[in-house]
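To start, the structure under review is shown below, and the notes come after it.
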There are 2 protein chains.
Amino acid sequence: MSRTQEQRRAETRRRLLDGARSVVADRGVAGASVEAMAGAADRTSGALYDHFGDKDGIIVALLDEWKEATAAATQADLTGTDDPDERLRSLWANFAVPRAAGGQQWMLLEHELWLYACRQPEATGAAADRYAEVRSRLAESLAGGLLQAGAERSPDQAAGLATLVIGLMVGLEMQRRLEPDAVPDDLAVAGLRALIRGAGGLS
Amino acid sequence: MSRTQEQRRAETRRRLLDGARSVVADRGVAGASVEAMAGAADRTSGALYDHFGDKDGIIVALLDEWKEATAAATQADLTGTDDPDERLRSLWANFAVPRAAGGQQWMLLEHELWLYACRQPEATGAAADRYAEVRSRLAESLAGGLLQAGAERSPDQAAGLATLVIGLMVGLEMQRRLEPDAVPDDLAVAGLRALIRGAGGLS
DNA sequence: GTCTATAGATTGATAGAC
DNA sequence: GTCTATCAATCTATAGAC
């Protein structure tokens with residue numbers, strides 16, 4: 001039946017994306033050969049070319065997938081506990097821990113795709129959209145006062161604050177990757193708290 | 001005379017490093033061929049191998065050079081005006097503007113070298129040292145109260161604050177690269193100010 | 001001290017079998 | 001729909017001329 005064919009094709013596509021993500025995180029976009037990506041998916045290069053056209057094709061697909069995954073993950077971060085301070089800690093933990101975990105190499109993938117998007121004009125939009133979406137979801141929570149009880153925020157303030165919060169987390173995670181002791185969790189949380197409390201003066 | 005020989009050698013070394021920096025910023029570490037790096041220096045691959053041994057050798061040399069250059073640049077940032085708020089603006093401007101300038105592609109080089117350092121254990125130390133040095137110089141200024149008149153800080157507080165300030169600037173610059181409008185200068189300065197004012201609660 | 005020439009390995013992509 | 005075989009291009013690194 002054609003139903004089974006479609007399922008098989010979808011399965012191969014998923015495997016190819018998983019394999020590519022792993023290899024790119026490990027060796028970088030330029031270092032990831034088509035054959036290595038297909039091999040990590042238990043397929044051969046032919047299957048990859050059939051699904052994605054060329055090497056750039058699968059990288060762009062990876063970028064789209066990454067965009068949706070992180071947007072969804074950020075949403076989930078903020079529905080945990082009631083204590084605003086505890087939410088901050090959980091926000092940082094959810095951001096930092098999975099990205100630091102050795103196996104998945106999320107943070108390296110993030111920077112690889114960012115660099116790729118900076119250099120390939122046709123991919124810049126997808127990456128910008130991803131950051132915009134993460135900002136937007138975080139801003140939604142901030143505007144609702146989720147992170148600081150009793151302090152409502154205007155949409156503009158919330159959007160700006162979300163930009164700062166994401167920026168701080170990304171920049172801290174970079175430093176932490178090279179020197180874990182330089183960025184203790186308490187410092188990160190204190191920084192996030194300072195941003196949120198000091199947000200009165202934001203544009 | 002041997003004096004002239006040494007000068008010529010030093011000149012070639014400098015040219016090779018300049019060429020390599022430019023090509024790596026442009027195409028990435030993996031995309032930068034030895035021949036292209038040497039070509040950008042008006043030399044050939046033979047000269048490069050004589051000076052740096054192999055491709056990794058010149059990348060590591062690039063990393064060291066980059067470390068010294070940024071440390072020095074950060075130092076200079078904070079000796080401009082007397083107004084603390086104006087210093088913040090100049091700190092951000094000096095960080096953001098040269099890195100955003102199209103020609104030199106500083107920010108891309110920064111992330112390329114960071115990724116390289118994350119993947120090559122023997123290079124991690126050099127990159128970590130660089131961030132530590134930048135942090136240390138910034139912390140020095142913060143501890144002296146340069147950024148907020150009348151508020152002295154302990155060395156530990158200053159070190160933590162410097163980590164946050166650098167993290168925020170790096171993370172904001174990444175978002176700005178993809179979508180300039182998302183990170184107006186005023187927002188960045190407001191974020192820096194919030195970090196510095198809210199630093200009372202830092203570890 | 002730098003260049004030319006080249007070996008040896010790897011890559012992106014295509015064509016055709018099944 | 002996926003695989004095997006293969007070509008042309010490119011890369012790192014070396015050897016030897018000058």
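Letters go in sequence order (proteins before strands), and every chain restarts at 1.
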Euclidean distance, atom [atom1] of residue [X] to atom [atom2] of [N] [Å, nearest integer]:
X       : N      : atom1 : atom2 : result
A:Arg13 : D:dT2  : CZ    : C1'   : 16 Å
A:Asp50 : D:dT4  : CG    : P     : 15 Å
A:Phe52 : C:dT14 : CZ    : P     : 16 Å
B:Leu48 : D:dT12 : CG    : P     : 10 Å
B:Arg27 : D:dT10 : CZ    : C1'   : 12 Å
A:Lys55 : D:dT10 : NZ    : P     : 15 Å
B:Glu35 : D:dC11 : CD    : P     : 7 Å
B:Gln7  : C:dG1  : CD    : C1'   : 15 Å

Problem set entry | Inter-residue atom distance B:Arg14.CZ - B:Glu65.CD, 0.5 Å rounding | 9.5 Å
Exercise. Just checking A:Ala32: base, sugar-phosphate only, or nothing, at a heavy-atom cut-off of under 4.0 Å?
Worked result: sugar-phosphate
Exercise. Counting any heavy atom closer than 4.0 Å, what does B:Thr44 reach on the DNA or RNA strands: base, sugar-phosphate only, or nothing?
Worked result: base
Problem set entry | Pairing of A:Arg193 and A:Asp186 as salt bridge, 4.0 angstrom limit | no
Problem set entry | Ionic contact status for A:Arg176 with A:Glu173, cut-off 4.0 Å | yes
For this session: For A:His51 and for B:Tyr49, locate the closest nucleotide of DNA chain D by heavy-atom distance; then report the residue assigned to the nucleotide nearer the 5' terminus.
Result: A:His51
Exercise. Side chain of B:Asp54: nearest nucleotide among C:dT2, C:dG12, D:dA13?
Worked result: D:dA13
Exercise. Does NZ or CZ of A:Arg177 fall inside the cone over B:Trp114's six-membered ring, less than 6.0 Å from its centre and within 45° of the axis?
Worked result: no
Exercise. Does A:Ser45 put a side-chain nitrogen or oxygen below 4.0 Å from OP1 or OP2 of C:dA13?
Worked result: no
